[in-house]
Amino acid sequence: LFEFDPQKGCWSPVCVAGSKPSPRAGHTLTAVDEKKAVLFGGYNGDTWLNDLWLLDVERKAWSHITPSSPLWPQPRYYHTVCTMACDDEEIKVLLLGGLGAGRKVMSDCWMLDVSGRGEELTLNGETFGRYGHSAGCVMLSDGTVAISTFGGYTKQYKCVSSPCFYQWNPRHPSVLHSGRPSAGAVLRPHTRVSASSSPASQTCEEIRRLRERVQRVSASKMQLHVELRCAKQLNDDVVEQLMQERARADNV
């Protein structure tokens, strides 16, 4: 586990206490708020995984979430996980697609929470069936959640660049409806946007800060280049003046 310092522009290892997830690839690590993140699934080179872990950023400690019911997603990797709800009472995340054992492209959607409950959602409309895609969800002012996905590979193992749109209504929590939000839908005030990319997530804030640092460094380099050119021109002028004075002295 590493953390990124945007001010210093560097990564550093994080010492985590207690048990921790096994080595893996193609998993997701999704921020649920400023203090917690959820890890799901992946592939360790021999086995596809479907374990769920909660990372406490402040305590720097992992907690393994044991499923509390027989309903649980199959092992997979290259899926996406988005935060659907996060408060003092519950943390819910949405799992979409992925690639499982035998190169099976998953087309299921699951709602998971940190108490270990899992519920497979019914897709009303377009079937999903992708892996290696990205996904994001935003909470709207009417209480619904808009989910969008982009790219990835289909069941025919074809790479695509098309988006998919879904809606989730807490009044009908077992159904995920296909389609865009209504034209009048607006973001809930002070809402946070949850995004997940496969194989792992990276926050837009980190990218923004890194870009700002690169721009500052580039501007400093440009200023230094201009100053060096001015110094060189000044030096050339001084040398030329000295040569002219020496030539006049030789002619005397």
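Follow the hydrophobic side-chain contacts under 4.5 Å out from Leu29 and you reach Val16 in the same cluster. Under the 4.5 Å side-chain contact rule for hydrophobic residues, Val160 and Val105 do not share a cluster. Note on Val81 and Val114: same hydrophobic cluster, where clusters join Ile, Leu, Val, Met, Phe, Trp and Tyr whose side-chain heavy atoms are under 4.5 Å apart, directly or indirectly. In terms of hydrophobic clustering, with Ile, Leu, Val, Met, Phe, Trp and Tyr side chains grouped at heavy-atom distances under 4.5 Å, Leu39 and Leu49 are assigned to different clusters. One hydrophobic cluster, built from ILVMFWY side chains closer than 4.5 Å, cannot hold both Met139 and Val175; they sit in different ones.
Side-chain atoms of Phe40 and Pro73, non-hydrogen and from C-beta on, do get closer than 4.5 Å to each other. The shortest distance between side-chain heavy atoms of Trp168 and Leu94 does not fall below 4.5 Å. By the 4.5 Å heavy-atom criterion applied to side chains, Ser63 and Lys36 are not counted as neighbours. Residues Val93 and Thr30 form no side-chain contact, since every pair of their non-hydrogen atoms from C-beta on lies 4.5 Å or further apart. In this structure the side chain of Leu123 never reaches within 4.5 angstrom of the side chain of Ser107, judged on heavy atoms.
Taking NE2 from His133 and OG from Ser162, the interatomic distance works out to 12.0 Å, rounded to the nearest 0.5 Å. Between the CD atom in Gln74 and the NE2 atom in His79 there is a gap of 13.5 Å [rounded to 0.5 Å]. Here Tyr77 contributes atom OH and Thr28 contributes atom OG1; the two are 14.0 Å apart, rounded to the nearest 0.5 Å. For the atom pair OH of Tyr131 and NZ of Lys104, the computed distance is 14.5 Å after rounding to the nearest 0.5 Å. Expressed to the nearest 0.5 Å, how far NZ of Lys60 lies from NZ of Lys20 amounts to 14.5 Å. Here the straight-line distance linking atom CZ of Arg76 with atom CG of Leu99 works out to 10.0 Å at 0.5 Å rounding.
For Ile65 against Ser115, the heavy-atom pair with the smallest separation is CG2-C, 4.3 Å. Summarising the geometry of Pro13 relative to Phe2, their closest heavy-atom pair is N-CD2, 3.6 Å, with the distance given to 0.1 Å. The minimum heavy-atom distance linking Pro75 with Met106 is given by the pair O-CE, 3.7 Å. For the residue pair Thr144 and Pro170, the shortest heavy atom distance occurs at CA-CD, 4.2 Å. Taking all atoms of both residues into account, the shortest heavy-atom contact from Arg130 to Gly151 is NH1-O, 3.0 Å. Nearest heavy-atom pair, Cys82 versus Cys137, reported as atom, atom and distance to 0.1 Å: CB-SG, 3.3 Å.
Counting only distance, with no hydrogens or angles, the side chain of His172 and the backbone of His177 share no donor-acceptor pair below 3.5 Å. One N or O on the side chain of Trp72 and one on the backbone of Asn50 form a donor-acceptor pair closer than 3.5 Å. Of the possible polar contacts, one joining the Thr83 side chain to the Ala31 backbone as a donor-acceptor pair under 3.5 Å is found.
Between Tyr43 and Trp48, the ring-plane angle classifies as tilted under the 30° and 60° cut-offs. Using the six-membered ring where Trp is involved, Trp11 and Phe4 have ring planes that are tilted, between 30° and 60° apart.
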- request: Determine, stepwise, if the pair Leu96 / Ile147 fulfils side-chain contact (heavy atoms from CB on, under 4.5 Å).
  value: CA-CA 10 Å; Leu96 286 167; Ile147 303 105; 4.0 Å; yes
task: For the pair Phe150 and Ser161, evaluate side-chain contact (heavy atoms from CB on, under 4.5 Å) and give the outcome as yes or no after the intermediate values.
output: CA-CA 6 Å; Phe150 181 81; Ser161 60; 4.0 Å; yes
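With sequence neighbours excluded, the residues that form a ring pair (Phe, Tyr, Trp, His ring centres under 6.0 Å) with His64 are Trp53.
By the neighbour-count criterion of 12 heavy atoms within 6.0 Å, atom CZ of Arg24 is densely surrounded, having more than that number from other residues, nucleotides or ligands.
When Leu95, Leu176, Leu121 are each tested for a side-chain contact (heavy atoms from CB on, under 4.5 Å) with Met111, only one passes: Leu121.
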